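Quick notes on the structure that follows.
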Amino acid sequence: MIPAAFAYHRPETVDETVALLSELGDEATVLAGGQSLLPMMKLRLAAPEAVIDIGRVPDLRFVREGKGHLVIGALTRHHDLERDPLVGKRCPLLGEVAKKVGDPQIRHRGTFGGTLAHGDPAADLPAVAVALDATIVVVGPQGRREIPASALYRSYFETSIAADELIVEVRIPFTEGAGGYEKFTRQAQDWATVGVLAARCGGTIRVALVSMGHTTLRAGAVELALAGGASIDEAAALAAVGTAPVEDLRAGVEYREHLCRVLTRRALEAASA
Ligand SMILES: Cc1cc2nc3c(=O)[nH]c(=O)nc-3n(C[C@H](O)[C@H](O)[C@H](O)COP(=O)(O)OP(=O)(O)OC[C@H]3O[C@@H](n4cnc5c(N)ncnc54)[C@H](O)[C@@H]3O)c2cc1C
């Protein structure tokens with residue numbers, strides 16, 4: 001449980017971080033809250049030659065209002081999202097989902113940017129970004145670029161963020177309507193065996209699925225059915241269409257598909273309340 005040796009860098013600015021990432025290339029990795037990276041390093045599933053600790057880079061931990069969206073700094077902790085009054089007012093579902101991540105220790109250290117960058121299909125908060133069409137703002141050697149959440153995830157733990165890019169902020173459209181996040185776990189404070197998020201945005205309902213494939217997914221068949229006038233029961237019956245859940249220690253494929261339909265119905269009921 002001791003990580004392989006690595007060089008440690010502690011940049012003071014975003015520019016310095018990007019310069020280090022460019023210089024060190026694929027051998028370097030960013031350390032934010034460390035709640036995913038450090039366990040992987042201890043298990044030797046990751047063995048970066050250099051770790052770039054962004055924990056002291058200023059101005060990356062904030063929540064503020066933009067035009068029609070919240071702007072959230074990459075180092076904003078899950079715990080901040082739970083408590084922030086602006087989040088509570090403008091996107092309460094984000095705070096509700098943050099409350100369901102791991103345990104209090106993890107939520108005090110883990111960051112919004114970190115969980116989005118990690119690309120774990122079992123993570124909770126990416127479901128909010130994917131369902132609400134968030135924009136991920138990254139900075140690299142060529143400057144800033146925006147990645148729509150729909151284009152963020154490529155495969156299992158694989159994102160479209162380049163090795164020399166850093167997430168600096170995330171924009172989440174205001175979503176003050178009803179919504180619900182249903183997370184099924186084997187025990188308290190566990191990863192989602194399956195998670196389903198439903199959010200009412202204007203006249204439409206968006207649905208995102210956790211642990212139902214290699215990436216966080218949108219439940220397109222459900223959204224389409226609802227837009228076409230289907231009932232909640234009819235739409236929820238389609239929840240597993242187009243998904244590719246895997247069998248693991250938590251559940252088999254059929255059980256995940258069953259959970260997905262049941263949780264989708266519950267999340268849709270919450271979003272329709
Ligand atoms: C016991 C345990 C239980 C957990 N339970 C849950 C759970 O129930 N639900 C859940 O969703 N999560 C859970 N987590 C994970 C937790 O939410 C992590 O905080 C999160 O996945 C990663 O955030 P971090 O800030 O700790 O990132 P780190 O671990 O520091 O980094 C993770 C990855 O993201 C990259 N990265 C970090 N920040 C940036 C950035 N700004 N730009 C580009 N790349 C970046 C790093 O290089 C690394 O590859 C759990 C973790 C543990 C240890």
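This is a predicted model, so every value here is computed, not measured. Heads up: numbering here begins at 1 and tracks the sequence. Computation of the quantities below employed the complete heavy-atom set of this structure, encompassing side-chain atoms and omitting hydrogens, waters and symmetry-equivalent molecules.
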CA sep, side-chain torsions, deciding dist, call: V14, L60, side-chain contact (heavy atoms from CB on, under 4.5 Å): CA-CA 9 Å; V14 168; L60 288 180; 4.2 Å; yes
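- With hydrogens and angles ignored, the 3.5 Å screen pairs a side-chain donor or acceptor of Y153 with a backbone N or O of L116.
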Steps toward side-chain contact (heavy atoms from CB on, under 4.5 Å) verdict (R77, R107): CA-CA 6 Å; R77 305 286 197 267; R107 298 198 293 273; over 6 Å; no
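- D124 places none of its side-chain heavy atoms less than 4.5 Å from the side chain of H78.
- For K100, the salt bridge (Lys or Arg N to Asp or Glu O under 4.0 Å) criterion is met by no residue, not counting sequence neighbours.
- No side-chain donor-acceptor contact under 3.5 Å links R256 to the backbone of V194.
- When the side chain to side chain donor-acceptor pair (under 3.5 Å) test is applied to R90, the partners found at least two apart in sequence or on another chain are E65, E176.
- Looking only at distances, a side-chain donor or acceptor of S160 sits under 3.5 Å from a matching main-chain atom of A151.
- Residues that satisfy the side chain to side chain contact (heavy atoms under 4.5 Å, CB included) test with I2, not counting sequence neighbours, are absent from this structure.
- Annotation: salt bridge (Lys or Arg N to Asp or Glu O under 4.0 Å) contacts of D80 (sequence neighbours excluded): R61.
- The ring pair (Phe, Tyr, Trp, His ring centres under 6.0 Å) search around H69 returns none, not counting sequence neighbours.
- Listed by first then second residue, pairs satisfying salt bridge (charged side-chain N to carboxylate O under 4.0 Å, His left out) with a partner in residues 219-240 read R218-E223, not counting sequence neighbours.
- Counting only heavy atoms from C-beta outward, the side chains of L226 and L224 never approach each other to under 4.5 Å.
- A 4.5 Å side-chain heavy-atom check between V170 and L70 finds every atom pair outside the cut-off.
- Under the rule for a side chain to side chain donor-acceptor pair (under 3.5 Å), the partners of R145 that lie at least two apart in sequence or sit in another chain are E165.
- Here the straight-line distance linking atom CZ of R64 with atom OG1 of T76 works out to 9.5 Å at 0.5 Å rounding.
- Side chains of H118 and M40 form a contact here, defined as non-hydrogen atoms less than 4.5 Å apart.
- The backbone N or O of V97 lies less than 3.5 Å from no partner atom in the side chain of K183, so there is not a single donor-acceptor pair.
- Hydrophobic cluster membership for F6: Y8, L31, L37, L38, M41, V51 (Ile, Leu, Val, Met, Phe, Trp, Tyr linked by side-chain heavy atoms under 4.5 Å, directly or transitively).
- Taking the side chain to side chain donor-acceptor pair (under 3.5 Å) definition, one finds that E146 meets it with R171, sequence neighbours left out.
- Annotation: E158, atom CD; neighbour count of heavy atoms from other residues, nucleotides and ligands within 6.0 Å is above 12.
- A heavy-atom distance below 4.5 Å is found between the side chains of T115 and P126.
- Between the CG atom of D103 and the CG atom of D190 there is a distance of 11.0 Å, given to the nearest 0.5 Å.
- A heavy-atom distance below 4.5 Å is not found between the side chains of S36 and D120.
- When atom types are taken as modelled, the side chain of T185 and the backbone of W191 share no donor-acceptor pair closer than 3.5 angstrom.
- For R200, there are no side chain to side chain donor-acceptor pair (under 3.5 Å) partners, not counting sequence neighbours.
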Verdict with supporting geometry, R206 and T175, side-chain contact (heavy atoms from CB on, under 4.5 Å): CA-CA 11 Å; R206 319 267 188 84; T175 312; over 6 Å; no
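- Note: T29 OG1 to I52 CD1 = 8.0 Å, rounded to the nearest 0.5 Å.
- R83 pairs by the salt bridge (Lys or Arg N to Asp or Glu O under 4.0 Å) definition with nothing, not counting sequence neighbours.
- The shortest distance between side-chain heavy atoms of Q189 and Q105 does not fall below 4.5 Å.
- With a 4.5 Å cut-off on side-chain heavy atoms, V222 and L268 count as touching.
- Rounding to the nearest 0.5 Å gives a distance of 9.5 Å between CD of E182 and OG1 of T264.
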Verdict with reasoning, Y181 to V210, per side-chain contact (heavy atoms from CB on, under 4.5 Å): CA-CA 10 Å; Y181 180 55; V210 172; 3.7 Å; yes
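- Qualifying salt bridge (Lys or Arg N to Asp or Glu O under 4.0 Å) partners for R265, counting only residues two or more places apart in sequence or in other chains: E269.
- Put simply, CZ on R250 and CG on L259 are 12.5 Å apart, with the number rounded to the nearest 0.5 Å.
- With hydrogens and angles disregarded, no donor-acceptor distance shorter than 3.5 Å links the side chain of R56 to the backbone of E12.
- Between the CG atom in L197 and the CG atom in L263 there is a gap of 11.5 Å [rounded to 0.5 Å].
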